[in-house]
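Quick note: numbers below take in every heavy atom, side chains included, and nothing from hydrogens, waters or symmetry partners. Lettering of chains follows the sequences in order, A, B, ..., and the numbering in each one begins at 1.
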Amino acid sequence: MKLVHSFRIVANASMMHWRMPMLEKIRSRWKLLVERELVAYAKEQGISTKEVESASLVVQSPPKSELGDIAFPFFSYAKSFRIAPPVLVQHIRIRMEKRDDLPNGMLLAAGPYLNVKIDMAALAEATAAAVENHKERYGHNDSLAHKRIMVEFSCPNTNKPLHLGHLRNDAIGQSVAAILKANGADVRKVNLINNRGVHICKSMLAYQKFSQGETPQSSGLKGDHLVGTYYVRFAQWEKEDPSALDQAQAMLKAWEQGDEHIIELWNKMNTWTIEGIEETYKKTGITFDQYYYESDTYKLGKDKVLAGLDKGVFYRQEDGSIWIDLAEIALDKKVLLRKDGTSLYLTQDIGTAIARHEDWPFDSLIYVVANEQSYHFKVLFYVLQKLGYEWASDLHHLSYGMVNLPEGKMKSREGTVVDADDLIDELSEMALAEIKAKEREEEVGDAQKTSSAIALGALHYYLLQVNPLKDMIFNPADSLSFTGNTGPYLQYMGARICSMLRKYREAGAIVDHINFDGSLLVLEEERALVKLIARFGETVEKAAAELDPSVIASYLYELSRLFSKYYHDHPVLKAPEPSLIKARLTLSAMVLQVLRNAFSLIGIPFLETM
RNA sequence: GCGCCAAUAGCUCAGCUGGAUAGAGCAACGGCCUUCUAAGCCGUAGGUCAUGGGUUCGAGUCCCCUUUGGCGUACCA
């Protein structure tokens, strides 16, 4: 399975030791020591050290905690040394143990693996200090420092409200932007409003014919929903009146010629839709740094296509249309401008990309767009390259899979499209009902606010736990469930820790004066938690390298599940010794901080109580 | 037809980029609330990693064939 995006932007060489996360530092230190010993042994045995050096040592994590914390498989050295891996492991272990410059820790020979049990007390204390120092920035790094990355997502049409597909798009875009930012990049989130074209005219025309001047105020409908009803109305009318489409096209022409009445109507309806959509963004916590409008950029696209014609990279057909030959990238031919001179989707995107690079010269531009458009982006990037823009190679299509329903595809004709606002409202109602059923309305404070936060947590986690490239099935029943591997489960973990910390303070913060002693965390779960917390930074980096929020989602679930089991089995506030209370409290607070930080990367609202 | 992508438990998804006995959740069954919030915890059951071949010490992971499914291949967006 090859699902990894090859995100082209090159990370900075930030891997200098002084800023390397603690766990990585320990791993690479041990790696160097094992390699040193292998080379020394090879010399003694009269084996070419080149052979040994070229088989670079692999670093892994053992599957079980009894086997230690770091694993070095020795399979690949068997040939050079001409002995079985387990034998070599024993030799190297014994030799290394004679050294007096080893860091704290223990070497374990586990068959063909040489494993290390690390000094967990030191790791726990260093990690606790790092969490304490960096707080909401713990886990952040500067691997993408000074990189300007533009992320385009959402891109709604102004003829209908957002649906489930947009929600996946928005969730991915918002999350990827946050992840890149956490890696130090200078990120600019941009939206592109598809506000021109025949499809926009369809809802306008139907409105003109059938609305009798209805407005969001008079109808009580959100603007985008109101406009959407006329888009649907057009589809009905089109069946009754075959001239409907011609009329819509005539309207588009009039629009392009600047007909005042039509522009006025267009402005009015666009405003309604955009205001409605922005309300949805507000509800889902989606924000942008800048909006682009196709009505502003399509002309630039036209100009650039004509310029390309002059340069000879495109050609004109007899009927007047302008084309590009895609033979170089093993594709066919593609129209860039219609014979009547009007622009196409591709033309507009050419203009938009150029305008963006002029506005904010980026090191990379990531388009978050469904995979059904991969052909479009392949062509777009090629066209821009042909036009001579060197930055064309910095464009990246983050292609995500379709959202389907258990019954199959969403189809507007069959009315199976899941509306974004309806879904969020339904989720909120379910969450509210749950709060009431648990009789936690008072406890929770603002039950309304809490339930929408839970709804959002459920939705975003559901959408982001799947690798973006894969098609996913959105099962409404599952998404409405708040138990198991869900957003609310994670939120609940955070709320429980908060509650525990509140109780501690109410009881007088008894162990505040005691120093945190990492050596007290000896339980298997505690070691696993410390390691996992120490790995958060790597996880954030991996998520950026792969442009994949599901990396964060999986990490969060693992952390929560581990902590959940831990605090169920082992008392924190009622631990037998004050110093142990302190140690466990510190560990819990670390988990809490990481939950908070990770939540913000995948759009899960943090809740102090629920 | 051609191109791109996918296939892991009944269902929805992981699987640290080729390593130790393939993991979770849901659904099913059983156990745990005078003990830091039961939106929780524990246990049982569930797998020929679509099929066949190849690469090598070693394959769910890499390569090829086949099958099935999705998307694309518009002077729609």
Side-chain angles (χ1 to χ4, degrees), chain A residues 1-4 58 60-64 67 71 73 75-76 78-79 84-85 110-113 115 155 157 194 196-200 294 317 319-323 330-332 334-340 342-346 348-349 370-376 378 399 401-402 404 406 409 431 434-435 437-438 440 443 454 458 462 465-467 469-475 477-478 481-493 495-497 499-504 507 535 538-539 542 546 550-551 553-554 557-558 561 564-565 567-569 571-575 588 609-610:
Chain A
M1 199 185 337
K2 192 173 63 192
L3 285 171
V4 177
V58 177
Q60 294 178 327
S61 302
K64 278 187 164 183
L67 296 169
F75 302 100
S76 52
K79 252 184 201 162
Y113 295 87
N115 292 358
C155 305
N157 292 324
N194 297 297
R196 46 150 276 120
V198 188
H199 56 300
I200 306 300
E294 284 194 338
Q317 252 187 7
D319 65 1
S321 53
I322 297 177
W323 294 70
L331 296 172
D332 205 359
K334 185 79 189 172
V335 175
L336 298 175
L337 221 48
R338 291 193 184 95
K339 63 185 168 201
D340 66 1
T342 57
S343 72
L344 291 114
Y345 179 40
L346 193 56
Q348 292 166 184
D349 260 4
N371 62 17
E372 54 190 355
Q373 294 189 32
S374 28
Y375 173 83
H376 169 75
K378 217 178 260 178
S399 154
M402 315 299 307
N404 297 315
K409 278 197 75 161
E434 196 67 26
I435 290 170
K438 294 181 196 305
R440 291 194 55 86
E443 199 84 36
I454 292 169
Y462 193 92
Q465 77 189 124
V466 181
N467 185 312
L469 281 140
K470 287 191 165 184
D471 285 354
M472 68 177 288
I473 293 178
F474 186 90
N475 186 327
D478 280 1
S481 147
F482 300 143
T483 59
N485 187 357
T486 64
Y489 172 83
L490 308 175
Q491 291 172 309
Y492 180 67
M493 249 349 88
R496 287 296 298 271
I497 298 174
S499 165
M500 187 196 295
L501 295 178
R502 272 195 303 272
K503 285 230 156 71
Y504 166 70
R535 292 189 80 151
E538 296 168 41
T539 308
K542 185 184 175 205
E546 294 176 13
S550 78
V551 169
S554 302
Y557 184 64
E558 199 186 342
R561 203 159 51 90
S564 188
K565 178 179 165 52
Y567 91 128
H568 180 269
D569 293 346
V572 174
L573 299 179
K574 288 173 189 162
S588 304
T609 53
M610 68 183 278

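- A salt bridge is absent between A:Lys542 and A:Glu538; no separation between the charged side-chain nitrogens and carboxylate oxygens falls under 4.0 Å.
- Using a 4.0 Å heavy-atom distance criterion, A:Tyr345 is classed as a base contact.
- A:Leu469 places its CG atom 11 Å from the P atom of B:A7, with the value rounded to the nearest Å.
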Spell out protein contact along nucleotides 35-42 of chain B as letters: B when the base is contacted, S when just the sugar-phosphate is, - when no protein heavy atom is under 4.0 Å; keep the 5' to 3' order.
SBBSBBSS
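- Outside the 6.0 Å centre-distance limit, the rings of A:Phe482 and A:Tyr492 are not counted as a close aromatic pair.
- The residue A:Asp340 sits apart from the nucleic acid: no heavy atom pair falls under 4.0 Å.
- If you check the side chains of A:Arg496 and A:Ser588, you find no donor sitting under 3.5 Å from an acceptor.
- One distance of note links OH of A:Tyr557 with CD of A:Gln465; it measures 9.5 Å at 0.5 Å rounding.
- Across all strands shown, A:Lys64 has heavy atoms under 4.0 Å from base atoms, whether or not it also approaches the sugar-phosphate.
- Nucleic acid contact for A:Pro85: none, since no nucleic acid atom lies under 4.0 Å from a heavy atom of the residue.
- Between A:Trp323 atom CH2 and B:U73 atom C1' there is a gap of 13 Å when expressed in whole angstrom units.
- Pairing for B:U61 is absent, with no Watson-Crick or G-U wobble pair whose two atom distances lie under 3.5 Å.
- When every heavy atom of A:Thr609 is checked against every heavy atom of A:Glu443, the shortest pair comes out as OG1-O, 4.0 Å.
- No side-chain donor-acceptor contact under 3.5 Å links A:His199 and A:Asn194.
- Within the shown strands, B:C32 is the pairing partner of B:G40 under the Watson-Crick or G-U definition, both distances less than 3.5 Å.
- Between the P atom of B:C76 and the CZ atom of A:Arg196 lies a distance of 11 Å, rounded to the nearest Å.
- Defined by atom type and a distance below 3.5 Å, a donor-acceptor pair is missing between the side-chain atoms of A:Thr539 and A:Arg535.
- Pair assignment for B:G47 gives none, since no Watson-Crick or G-U wobble pairing has each distance under 3.5 Å.
- Atom P of B:A50 sits at a distance of 12 Å from the matching atom of B:C62, rounded to the whole Å.
- Going from the C1' atom of B:G31 to that of B:A45 covers 15 Å, rounded to whole Å.
- Between the CD atom of A:Glu546 and the C1' atom of B:U17 there is a distance of 8 Å, given to the nearest Å.
- As rounded to whole Å, 15 Å separates atom P of B:C76 from atom CG of A:Asp349.
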Tabulate protein N/O versus nucleotide N/O from nucleotides 54-58 of chain B, keeping only pairs under 3.5 Å, one per line.
unit_1: B:C57; atom_1: OP1; unit_2: A:Lys79; atom_2: NZ; d: 2.7

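- Nucleotide B:A7 has B:U67 as its partner under the Watson-Crick or G-U criteria, with both atom distances under 3.5 Å.
- Applying the Watson-Crick and G-U wobble criteria (two distances, each under 3.5 Å), B:G72 pairs with B:C2.
- Phosphate proximity of B:G70 to A:Lys470: absent, as no side-chain N or O sits under 4.0 Å from OP1 or OP2.
- We find that CD of A:Gln373 is positioned 19 Å from P of B:C4, with the value rounded to whole Å.
- Following rounding to the nearest Å, A:Asp471 (CG) and B:C13 (C1') show an atom-to-atom distance of 14 Å.
- One interatomic measurement links the two molecules: CG of A:Asp332 to C1' of B:A74, which rounds to 12 Å at whole-angstrom precision.
- Using the Watson-Crick or G-U wobble rule with both distances under 3.5 Å, B:G23 pairs with B:C13.
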